[in-house]
Amino acid sequence: MISDRVRVRFAPSPTGYLHVGGLRTALYNYLFAKKNNGSFILRIEDTDRARFVEGAVENLIDTLKWSGLTIDEGPGNEGAYGPYTQSERLSIYQEQTQKLIDSGNAYYCFCSKQRLEEMREERKEQGAQPVYDKHCLHLSKDQIKSNIDSGLPYVIRLNVKPGEKIYVNDLIRGNIEFDSSTVDDQVLMKSDGYPTYHLANVVDDHLMKITHVIRGEEWLPSTPKHVLLYKFFGWEIPGFAHLPLLLNPDRTKLSKRQGDVAVEDYRSKGYLKEALINFVALLGWNAGDDREFYYLSELVENFSLERVNKAGAVFNLEKLDWLNAEHLRAKDNADLLKLLRNELKINPEVEDDFTDEYLVQVIEAMRERVKFVKEIVDTGIYFFTPPVNYDEASVAKNWKSDSAVNLSLLNEKIAELENPVKDDFENALRHAAVELSTGAGKIIHPLRIALSGVSGGPGVFDIAYILGKEECMRRIKRAIDKLG
Ligand code: GLU
């Protein structure tokens with residue numbers, strides 16, 4: 001009996017990075033599990049030894065952890081159905097394969113690569129399906145034994161009976177009919193003793209009591225093989241839900257060539273996990289209204305497989321950027337402070353010896369102006385280190401022959417201030433302007449250059465207040481010396 005509690009799994013093959021499509025699959029599984037008080041399981045499908053990548057599993061687990069999709073069972077968090085890494089389950093697959101051989105639903109195949117190629121070519125020429133011709137199906141027990149004894153390499157194949165209908169009942173796509181004549185006698189066990197994806201996947205989904213298989217559309221063509229395996233084993237078939245493809249804006253399949261596909265890339269570019277999760281949730285699902293901003297907990301409340309689309313979902317980076325800005329704005333200062341400290345830590349230009357109060361002021365001045373926490377450091381670098389150079393265009397436009405004199409007087413006024421607040425800096429500047437019989441604007445722009453090195457950014461008196469009296473005076477003096 002399949003579990004009466006929802007149990008779903010994310011079953012990635014560790015290829016070296018977590019694809020955004022993989023994150024979407026993981027997320028939908030997670031949402032479905034949490035919505036139904038079920039379990040979310042991580043299983044590592046690493047039976048393709050040719051594609052083994054050192055460190056890939058660790059990286060995958062780390063990236064999933066970062067995304068906030070907490071795993072109920074998986075490697076390093078063993079539940080009752082482990083191990084959760086397929087390469088540690090080889091004896092299980094061998095045992096199950098033997099059952100299929102004994103029941104006549106699987107058989108030994110000793111065909112060489114060359115024979116297989118020739119056979120497929122021939123079949124193609126004859127206009128037949130390029131499936132295996134069952135050449136080895138009728139080998140006698142003795143022949144099989146003598147082949148094995150003489151060391152001939154072999155695989156184990158699924159024995160598909162042609163001319164039958166196979167039905168896949170998909171929760172998103174409805175009932176889909178396949179003709180078994182188009183289904184290959186799939187290799188289940190490879191000559192290296194490792195199972196193929198198909199066998200290991202079905203065996204594990206059964207033994208791990210998976211109730212719903214939620215995965216990408218690219219696995220739909222494999223599903224008839226899986227359905228046959230369930231039948232041959234005499235096991236209950238789980239629910240299937242195949243998620244729509246992810247597309248580039250030109251509606252071709254999402255590819256590396258048109259942009260980043262690794263979650264790690266988005267992470268290192270400074271995207272917030274909240275924004276990325278919100279974004280991938282909307283790749284193929286909506287709640288039936290035009291709401292777009294969600295936290296993970298709200299996605300859990302609202303998610304349903306019925307509202308997942310069949311049509312491919314376009315990967316729109318502009319929306320991701322927009323969501324990032326929205327999530328950033330919605331964050332409280334304490335959260336942003338942590339993120340900002342992380343950014344400062346990795347920035348070689350900056351020594352992070354700032355107090356929390358100081359950084360919170362910077363955050364408040366900058367949060368409405370940026371889409372990324374990283375941008376607070378990049379565009380507001382002057383909050384963290386005095387300008388070394390002054391932006392040439394700003395200087396050409398706003399640093400005039402009288403700027404040095406004007407700023408000198410301003411510096412004298414600032415020197416007289418005691419514990420100045422923002423308004424005090426402004427008053428000091430206005431007094432200086434009156435004394436110099438000039439407009440305040442004539443001093444404001446050079447002041448901004450002196451303090452920040454650039455034009456733009458928060459209000460100049462906000463910058464002055466945040467930097468504080470002494471630092472302002474130092475910077476003004478330095479600009480006068482350098483720019484004259
Ligand atoms: N290991 C497969 C993958 O890498 C899993 C497919 C499935 O979920 O059945 O996507």
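Atoms within each ligand, like the ligands themselves, are counted from 1 in listed order. All values derive from a computational prediction rather than experimental measurement.
- Ligand 1 does not have E218 within reach: every non-hydrogen atom of the residue lies 4.0 Å or more from it.
- Listed by number with element, the atoms of ligand 1 under 4.0 Å from a non-hydrogen atom of Y197 are 2 (C), 5 (C), 6 (C), 7 (C), 9 (O).
- A perpendicular orientation is assigned to the rings of Y30 and F40, their planes being inclined by more than 60° (bins at 30° and 60°).
- Between Y107 and Y132, the ring planes lie parallel to each other; the angle is under 30°, not in the 30° to 60° tilted range.
- Any N or O atom pair closer than 3.5 Å counts here, and A11 shares at least one such pair with ligand 1.
- Atom 3 (C) of ligand 1 has W219 CZ2, 3.5 Å as its closest protein atom, hydrogens excluded (heavy atom only).
- Within the model, atoms NZ of K331 and CD1 of I363 stand 11.0 Å from one another, a figure rounded to the nearest 0.5 Å.
- For R267 and D62, the salt-bridge test passes: some basic side-chain N is under 4.0 Å from an acidic carboxylate O.
- In terms of protein heavy atoms, atom 1 (N) of ligand 1 is closest to E45 OE1, 2.6 Å.
- For atom 8 (O) of ligand 1, the nearest non-hydrogen atom of the protein is R9 NH1, 2.7 Å.
- Using cut-offs of 30° and 60° for the angle between ring planes, the F303 and Y28 rings count as tilted.
- Every atom of ligand 1 with a heavy atom of N201 under 4.0 Å away is listed here by number and element: 7 (C), 9 (O).
- Not less than 6.0 angstrom separates the ring centroid of Y194 from the ring centroid of Y93.
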